[in-house]
Amino acid sequence: MVSGTGSNLAALIAAHEDPAYGARVVAVVADRRGIRALDIAAEAGIPTAVVSVEDFDDRRLWDAAIAETVAVFKPDLVVLAGFMKLLGATFLERFGGRIINTHPALLPAFPGAHGVRDALRYGAKVTGCTVMVVDEGIDTGPILAQAAVTVEPDDDEATLHERIKVVERSLLVEWVGRIARDGLRVEGRHAEAGR
Ligand code: GRF
């Protein structure tokens with residue numbers, strides 16, 4: 001599921017060409033039209049769907065519709081690869097425990113939509129990215145993996161985010177593969193690959 005430029009998606013598509021990777025991107029579902037991520041999917045011949053909040057009278061109806069849309073593709077794992085909307089109860093009831101997300105900060109520091117900007121403004125010297133299992137909170141789910149990125153003195157939000165994204169996409173690709181091959185085990189706050 002995507003909302004943006006799709007660099008994480010592109011990395012997943014590059015990885016899935018290798019059968020040994022264990023996972024395939026069966027579909028790409030977006031919450032908005034006209035984004036680069038949808039072009040990347042289309043260029044790779046992957047089915048796409050857009051379910052936009054603006055097309056619904058209320059947020060719960062959107063949530064049910066996007067859950068229904070994702071279900072059409074029968075995914076074993078739902079990967080939020082730069083998906084910028086909070087999923088609701090209906091979606092979580094249907095796919096809970098098999099949704100993973102990536103966030104451009106070292107959680108629990110700097111959750112939310114502006115993790116890079118917030119770390120920079122706070123004056124953090126080290127930030128990074130987190131791959132986690134999605135729960136009902138905002139970036140609160142059990143953590144699967146994290147990687148650190150040093151904040152340079154002359155960084156702005158764009159330069160720092162770009163360096164984080166390099167690390168982030170390789171971490172996401174690694175963990176989607178691990179989960180596909182080995183399963184996903186969650187016990188309380190602890191998440192790991194395995195059955
Ligand atoms: C990633 O840093 C993701 O964590 C954040 O937005 C970025 C998405 O990038 N929420 P892309 O669309 O995969 O290029």
Side-chain angles (χ1 to χ4, degrees), residues 1-17 21 23-44 46 48-53 66 70 75 77-88 91 99-122 124 126-152 155-177 179 191:
M1 298 179 75
V2 294
S3 303
T5 55
S7 61
N8 284 291
L9 171 65
L12 287 165
I13 292 172
H16 89 170
E17 303 295 349
Y21 180 59
R24 277 202 75 77
V25 182
V26 293
V28 173
V29 176
D31 68 320
R32 62 196 74 183
R33 296 171 185 84
I35 53 172
R36 175 80 191 114
L38 288 169
D39 298 337
I40 291 171
E43 283 158 19
I46 296 168
T48 61
V50 178
V51 186
S52 173
V53 175
I66 203 162
V70 169
L77 185 69
V78 176
V79 181
L80 308 187
F83 185 72
M84 299 304 285
K85 288 266 183 326
L86 194 61
L87 294 164
F91 197 98
I99 311 168
I100 66 167
N101 190 13
T102 175
H103 179 71
L106 292 175
L107 294 170
F110 313 118
H114 304 290
V116 180
R117 187 191 305 172
D118 293 345
L120 206 52
R121 285 196 182 151
Y122 194 84
V126 175
T127 183
C129 57
T130 303
V131 175
M132 71 279 191
V133 181
V134 171
D135 67 6
E136 60 289 338
I138 299 175
D139 299 327
T140 53
I143 291 170
L144 277 162
Q146 296 184 299
V149 173
T150 303
V151 181
E152 301 298 344
D155 263 333
D156 58 23
E157 188 179 348
T159 58
L160 180 57
H161 200 173
E162 215 35 63
R163 284 207 316 292
I164 291 172
K165 282 175 79 167
V166 172
V167 178
E168 186 180 25
R169 68 179 80 108
S170 75
L171 200 67
L172 184 66
V173 165
E174 177 191 339
W175 278 85
V176 168
I179 292 167

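Given the structure is predicted, the values throughout are model-derived calculations rather than measurements. Reckoned from all heavy atoms, side chains included, excluding hydrogens, waters and symmetry mates. Both counts, for ligands and for their atoms, begin at 1 and track the order of listing.
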Any idea which heavy atoms bring Ser52 and Arg33 closest together, and the distance?
-> CB-NH1, 3.8 Å
Can you sort out which atoms of ligand 1 are near Met84, meaning under 4.0 Å from one of its heavy atoms?
-> 10 (N)
Ligand 1 atoms nearer than 4.0 angstrom to some heavy atom of Thr102 are 4 (O)
Ligand-side contact atoms (ligand 1) for residue partner Gly4, heavy atom cut-off under 4.0 Å = 12 (O)
Looking only at heavy atoms of Arg36, does any of them come nearer than 4.0 Å to an atom of ligand 1?
-> no
Just which atoms of ligand 1 are under 4.0 Å from any heavy atom in His161?
-> 1 (C), 2 (O), 7 (C)
In terms of residue, atom name and distance, what is the protein heavy atom nearest to atom 1 (C) of ligand 1?
-> Glu168 OE1, 3.2 Å
Are Glu43 and Arg36 close enough for a salt bridge, meaning some N to O gap below 4.0 Å?
-> yes
Protein contact of atom 12 (O) of ligand 1 - nearest heavy atom, named by residue and atom, plus distance = Gly6 N, 2.8 Å
Minimum heavy-atom distance between Lys165 and Thr5, given as atom pair plus value | NZ-OG1, 3.3 Å
Ile138, CD1: over 12 other non-hydrogen atoms inside 6.0 angstrom = no
Closest non-hydrogen contact found for Ile143 with Met132 is CA-CB, 4.0 Å
Phe83 and its side-chain contact (heavy atoms from CB on, under 4.5 Å) partner, picked from Asn101, Asp31, Thr102 | Asp31
Where ligand 1 meets Gly82 - atom numbers and elements under 4.0 angstrom, heavy-atom basis = 8 (C)
For the student: nearest non-hydrogen atoms of Ala119 and Thr127, plus distance = CB-OG1, 3.9 Å
State the atoms of ligand 1, each with its element, that fall below the 4.0 Å cut-off from a heavy-atom position in Thr5.
-> 11 (P), 12 (O), 14 (O)
